[in-house]
There are 2 protein chains.
Amino acid sequence: MERKQQKHDERLEEYSRALTEFFDRLNSWEQSVVSDTGVSLAQMHLIEVIGNRGRMRMKELAQLLGVTTGTLTVMVHRLAERDYLIRLKDEQDRRSYFVDLSEKGKAEYHHHHHMHFHLVEGIVHTLGERESEQFFAHLKKLQDALIIGVLNE
Amino acid sequence: MERKQQKHDERLEEYSRALTEFFDRLNSWEQSVVSDTGVSLAQMHLIEVIGNRGRMRMKELAQLLGVTTGTLTVMVHRLAERDYLIRLKDEQDRRSYFVDLSEKGKAEYHHHHHMHFHLVEGIVHTLGERESEQFFAHLKKLQDALIIGVLNE
DNA sequence: ACAATTACCTTGATACTCAAGGTAATTTTC
DNA sequence: GAAAATTACCTTGAGTATCAAGGTAATTGT
């Protein structure tokens with residue numbers, strides 16, 4: 001019984017290492033992709049979120065990025081200064097702004113998106129069609145679990 | 001033929017989104033775990049690397065973390081000041097130092113490791129034994145591919 | 001009308017990061 | 001074995017990220 005538990009833990013250890021290392025690799029892949037551009041990782045992430053979901057208010061964007069609106073104000077200011085973003089007044093609620101991508105921002109977004117596409121092609125190539133399908137199905141399943149918080153306590 | 005290609009691309013799009021979102025979730029999970037402690041994400045990562053691989057010289061650590069030695073000097077200085085790390089002179093090569101975890105650093109490392117363990121338990125719980133095995137096997141396979149650079153061009 | 005809330009901005013503080021330039025120790029070359 | 005090259009690390013200056021706390025203006029609730 002004891003031995004069985006130990007073996008179980010060892011496997012979890014192994015899994016943990018696999019996850020951590022994979023995560024680190026993805027991180028540095030992302031880092032290296034971004035460092036070829038004129039924007040930082042955090043800035044690219046912002047661009048990505050707006051590119052994916054369209055223009056939105058500061059508040060919403062801050063929540064999606066997981067930063068305070070204070071942080072976001074500064075980031076958006078800098079990106080707008082460098083012509084990646086545009087800010088539009090909301091006429092309905094004049095406290096609010098909409099943040100959207102400029103043409104330059106869109107170009108950056110598409111370029112980055114393209115890189116991701118490449119990465120995924122590489123993954124499919126590595127795992128093969130059948131296993132890729134399983135793999136991404138697992139990712140989706142886990143993501144749902146992470147959303148509803150199964151993995152949080 | 002054309003339609004088939006389009007369908008293929010759509011699937012890759014879907015995979016790309018799944019990967020990105022999973023990655024983001026993991027990121028915020030890590031962020032929330034770390035924010036309960038006294039150290040930053042980058043600092044925790046440093047502690048983790050030393051905890052996993054034992055004491056090492058600045059140069060080596062910088063390479064593993066993907067930062068310059070200049071950056072590392074400052075980080076190590078701060079963590080040593082706050083008693084998470086100790087620095088040891090290398091008597092063989094007196095230009096070098098070894099960086100190692102203090103007792104406090106070890107405690108922090110074990111705590112964080114424990115959190116990872118929990119996360120992995122959650123994953124296994126979500127996917128089930130059999131599918132977990134597949135999933136982590138896929139991660140390992142991809143990691144190897146990322147190392148040798150299949151996914152880099 | 002007045003109070004409470006909301007959306008955003010500003011400021012001050014800490015941290016991360018790099019590039020460039022510096023020092024001291026070690027290794028290589030002649 | 002002295003000079004040159006390399007290596008390991010440190011320092012400094014500049015840009016970015018981040019938050020908390022406090023401020024303003026607009027909106028909503030009573």
Side-chain angles (χ1 to χ4, degrees), chain A residues 24 27-28 30-50 55-82 84-100 108, chain B residues 24 27-28 30-50 55-82 84-100 108:
Chain A
D24 287 350
N27 247 324
S28 48
E30 186 82 9
Q31 181 60 63
S32 81
V33 163
V34 163
S35 70
D36 294 339
T37 71
V39 301
S40 74
L41 201 61
Q43 288 173 333
M44 185 60 89
H45 196 194
L46 191 161
I47 288 172
E48 230 181 324
V49 167
I50 301 191
R55 74 174 195 185
M56 64 184 75
R57 293 178 306 127
M58 297 285 284
K59 182 73 188 301
E60 193 182 354
L61 183 54
Q63 279 166 347
L64 286 170
L65 293 174
V67 301
T68 62
T69 61
T71 297
L72 189 59
T73 296
V74 180
M75 288 183 75
V76 167
H77 182 75
R78 275 201 267 262
L79 282 169
E81 220 171 23
R82 292 171 56 203
Y84 287 98
L85 297 179
I86 48 183
R87 285 159 49 98
L88 302 160
K89 278 200 156 77
D90 179 353
E91 291 304 333
Q92 264 66 54
D93 183 341
R94 282 161 45 207
R95 294 167 306 177
S96 271
Y97 292 88
F98 284 109
V99 183
D100 202 354
E108 199 66 60
Chain B
D24 287 349
N27 246 324
S28 49
E30 187 82 9
Q31 182 59 63
S32 81
V33 163
V34 163
S35 70
D36 294 338
T37 71
V39 302
S40 74
L41 201 60
Q43 288 172 334
M44 186 59 89
H45 196 194
L46 190 160
I47 288 172
E48 230 181 323
V49 168
I50 302 191
R55 72 173 196 185
M56 64 184 75
R57 292 177 308 129
M58 297 286 284
K59 183 71 188 301
E60 192 183 354
L61 183 53
Q63 279 165 347
L64 287 170
L65 293 175
V67 300
T68 63
T69 60
T71 297
L72 189 59
T73 296
V74 180
M75 288 182 75
V76 167
H77 182 75
R78 276 200 266 261
L79 282 169
E81 221 171 21
R82 292 171 55 203
Y84 287 97
L85 298 179
I86 47 185
R87 284 160 47 96
L88 302 160
K89 276 200 158 79
D90 179 352
E91 290 303 332
Q92 265 65 54
D93 182 340
R94 280 161 45 204
R95 294 168 305 178
S96 271
Y97 292 87
F98 285 110
V99 183
D100 202 354
E108 200 66 60

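Side chains included, hydrogens not; waters and symmetry mates left out as well; all remaining heavy atoms used. Each chain gets a letter, A, B and so on, in the order its sequence line appears, and its residues count up from 1.
- Taking only side-chain atoms of A/V67, from C-beta outward, the nucleotide of D/dT18, C/dT17, C/dA7 with the closest atom is D/dT18.
- Atom CD1 of B/I50 is separated from atom CG of B/L65 by 8.0 Å, given to the nearest 0.5 angstrom.
- Side-chain N/O atoms of A/T71 include none lying less than 4.0 angstrom from OP1 or OP2 on D/dT18.
- Distances were taken from every side-chain heavy atom of A/M75 (C-beta onward) to each of D/dA17, C/dT17, D/dA8; the shortest belongs to D/dA17.
- Rounded to whole Å, atom P of C/dA7 lies 15 Å from atom CZ of A/R87.
- Residue A/T73 is in base contact, counting any heavy-atom pair closer than 4.0 Å across all strands shown.
- In terms of phosphate contacts, B/R78 brings no side-chain nitrogen or oxygen within less than 4.0 Å of OP1 or OP2 of C/dT14.
- Counting any heavy atom pair closer than 4.0 Å across all strands shown, B/E60 reaches no nucleic acid atom.
- Checked options A/L88, A/L85, A/V99, A/I86; the residue passing with A/R55 is A/L88 (criterion: side chain to side chain contact (heavy atoms under 4.5 Å, CB included)).
- Residue A/V34 comes nearest to A/S40 through the heavy atom pair CG1-C, 3.6 Å, listed as atom of the first residue, atom of the second, then distance.
- The A/R95 side chain lies nearest to D/dT27 when the options are D/dA17, C/dA25, D/dT27.
- Atom CE in A/M44 sits about 17 Å away from atom C1' in D/dA17, given to the nearest Å.
- Nearest nucleotide to the B/M58 side chain, out of D/dA26, D/dC10, D/dA17: D/dC10.
- For A/R82, the side-chain atoms get nearest to D/dT16 when compared with the rest of D/dC19, C/dT17, D/dT16.
- Within the structure, a side-chain polar atom (N or O) of A/S96 is placed less than 4.0 Å from OP1 or OP2 of C/dC8.
- Between A/R94 and C/dT6 there is no side-chain polar atom (N or O) within less than 4.0 angstrom of OP1 or OP2.
- For the pair B/R57 and D/dC9, the criterion of a side-chain N or O lying under 4.0 Å from OP1 or OP2 is not met.
- Comparing C/dC9, D/dT12, D/dC10 against the side chain of B/V74 picks out D/dT12 as the nearest.
- Note on B/Q92: only backbone sugar-phosphate atoms sit closer than 4.0 angstrom, heavy atoms only; bases stay farther off.
- Taking each heavy atom of A/L72 and A/M58 in turn, the nearest pair found is CD2-O, 3.1 Å.
- Contact annotation for B/T69: base contact, defined as any heavy-atom pair under 4.0 Å involving a base atom.
- As a whole-Å value, the separation of B/H45 NE2 from C/dC16 P is 13 Å.
- Rounded to whole Å, atom P of D/dA17 lies 10 Å from atom CG of A/L41.
- Contact record, B/V33 with B/T37: O-CG2, 3.9 Å, taken as the closest heavy-atom pair.
- Pairing each heavy atom of A/R87 with each of A/A80, the nearest pair is CD-CB, 4.4 Å.
- For B/D93, the side-chain atoms get nearest to C/dA25 when compared with the rest of D/dT18, C/dA25, C/dC16.
- Look at B/Q31 and you won't find any side-chain N or O under 4.0 angstrom from OP1 or OP2 of D/dT18.
- Distances were taken from every side-chain heavy atom of B/S40 (C-beta onward) to each of C/dC8, C/dA15, D/dA26; the shortest belongs to C/dA15.
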